Amino acid sequence: MPLSSVRHALLCAAAGLAWPDGLRADEREEVRTVLFGSLDAGRSTFVSAGGKFAPDGYGRDGLAALATFGYGLRTERDWWGDPRGQAGGAPPRVLRHTVQGGAVAGWQWVRDWGIAALFAGPEIAFEVLDSPATRRLPAPRIGARVQGELWARPTEATLLTATLIAGTARGSAWGRVAWGVRLPAPVLGDGYVGPEAALYADRTGYRKWSLGLHATDLALPFEGVAPVRLRVSAGWAYEEQIRRPGVYGALSAWLPL
C-alpha cells in the first residue's frame with residue numbers, strides 16, 4: 001500500500017477516537033460526527049453509548065469533543081457495610097449498580113504514522129449497592145475526567161491502539177492496549193485481528209484484568225445498510241473481589257454521519 005493510501009486510512013481512523021478502543025470509522029475525511037455504543041459482558045457487565053464531534057473533520061489536526069453515558073452491573077462482597085464482613089466473616093455477594101456520564105474536549109494530532117488525542121472534562125457518577133446494609137441512595141458525585149487515545153500503524157499490515165481513561169468521580173482508571181494484523185480484503189471489510197489486554201480499577205478496591213483476542217473494524221456483510229463498523233472480542237478475565245477467573249465478551253459498533 002503506498003504511503004498516501006496508508007495516511008488516508010489513518011485519517012479515517014481518527015473518527016474511532018470517539019470510542020475507548022480507537023476504532024476506524026470510514027473513508028470520508030470530511031466526517032465530523034460519529035455515534036457509538038458498546039456492550040462488555042461477563043461476571044460484570046457495562047453498556048454505554050455516546051458520540052464524538054470534530055468541527056474541522058477527522059482528517060486533520062484540530063479540536064474534538066465527545067460525550068458518553070453508561071450503566072454497569074457487577075457482583076462483589078460488601079466487606080464494609082455488611083455486619084458479617086465487619087465481624088471478620090465472608091459477607092454474601094451483592095450487586096453494585098453504576099450510572100456514569102462524561103463530556104470531554106481536547107485536541108487530536110494526525111500524522112503519517114497514525115493519530116493521537118488528549119481530552120479532559122467533567123464527569124458524573126451514581127452508584128449503589130443492592131445490599132441490606134444500604135439504607136438510602138447516595139448522592140451523585142461530580143468529578144473530572146482525562147482521556148488519551150493512540151491509533152498507530154507500525155507497518156502497512158499491522159495496527160496498534162492504546163487507551164487510558166481516568167476519572168475522579170469514582171476514583172477509577174481504565175486502560176486497554178491491542179495489536180492486530182490486517183485481514184485479507186474480502187474478509188469482513190478488511191479489519192484487524194490480534195491480542196488485547198485491559199485493566200480497570202477504582203477506589204473500592206475492585207480490580208478487573210482481562211486478556212483476549214479482538215477483531216476490529218469489521219463491516220456488516222449486507223448490501224444497502226448503513227456503514228456501521230464493529231469490534232468483537234472475547235477472552236479471560238479475573239476480578240479480584242470475586243477471586244476467581246471467568247470469561248468475557250464485548251461488542252462495539254460505530255456509525256459515521
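Keep in mind that this is a model prediction, so the values were computed, not measured.
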Taking the side chain as everything from C-beta on, heavy atoms only, tell me whether [X] gets closer than 4.5 Å to [Y].
X    : Y    : answer
W174 : T163 : yes
L63  : W107 : yes
V146 : V104 : no
R182 : T216 : no
R141 : E127 : yes
W109 : L118 : yes

If you look at every heavy atom in [X] and [Y], which pair is closest and at what distance?
X    : Y    : answer
Q108 : G57  : NE2-O, 3.6 Å
A144 : E123 : O-OE2, 3.8 Å
Y206 : S44  : OH-OG, 3.5 Å
V193 : A215 : CG2-CB, 4.0 Å
R229 : A219 : NH1-CB, 3.2 Å
T168 : R203 : O-NH2, 3.2 Å

Set of side chain to side chain contact (heavy atoms under 4.5 Å, CB included) partners for V99, sequence neighbours left out: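 With sequence neighbours excluded, V99 shows a side chain to side chain contact (heavy atoms under 4.5 Å, CB included) to F69, Y71, given in chain and number order.
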Please check this pair: side chain of [X] against backbone of [Y], looking for a donor-acceptor N/O pair closer than 3.5 Å.
X    : Y    : answer
H214 : A197 : no
R145 : I124 : no
R32  : P55  : yes

Any residue meeting side-chain hydrogen bond (donor to acceptor under 3.5 Å, both in side chains) with W209, in chain and number order, not counting sequence neighbours: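 In terms of side-chain hydrogen bond (donor to acceptor under 3.5 Å, both in side chains), with neighbours along the sequence ignored, W209 is linked to E240.
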Which residues share a side-chain hydrogen bond (donor to acceptor under 3.5 Å, both in side chains) with S233, sequence neighbours left out: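 Result, side-chain hydrogen bond (donor to acceptor under 3.5 Å, both in side chains) vs S233: E196, R231.
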Show your reasoning for whether side-chain contact (heavy atoms from CB on, under 4.5 Å) applies to T45 and L39. CA-CA 7 Å; T45 299; L39 170 65; 3.9 Å; yes
Could you measure the distance from the OG atom of S210 to the OH atom of Y200? Nearest 0.5 Å is fine.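 Here the interatomic distance stands at 13.0 Å.
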From CG (L66) to OG1 (T68), nearest 0.5 Å: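 The OG1 atom of T68 is 6.5 Å from CG of L66, to the nearest 0.5 Å.
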Ion pair present between R96 and D202, side-chain N to carboxylate O less than 4.0 angstrom?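 Not counted as a salt bridge, because no side-chain N and carboxylate O are separated by less than 4.0 Å.
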Could you give me the CA-CA distance, side-chain angles and deciding distance for K208 and D40, then say whether side-chain contact (heavy atoms from CB on, under 4.5 Å) is met? CA-CA 12 Å; K208 179 180 178 181; D40 190 340; 4.1 Å; yes
Given the rule in the side-chain contact (heavy atoms from CB on, under 4.5 Å) test, do E239 and Y248 qualify, once you have shown the distances and angles that lead to the verdict? CA-CA 11 Å; E239 297 173 86; Y248 76 92; over 6 Å; no
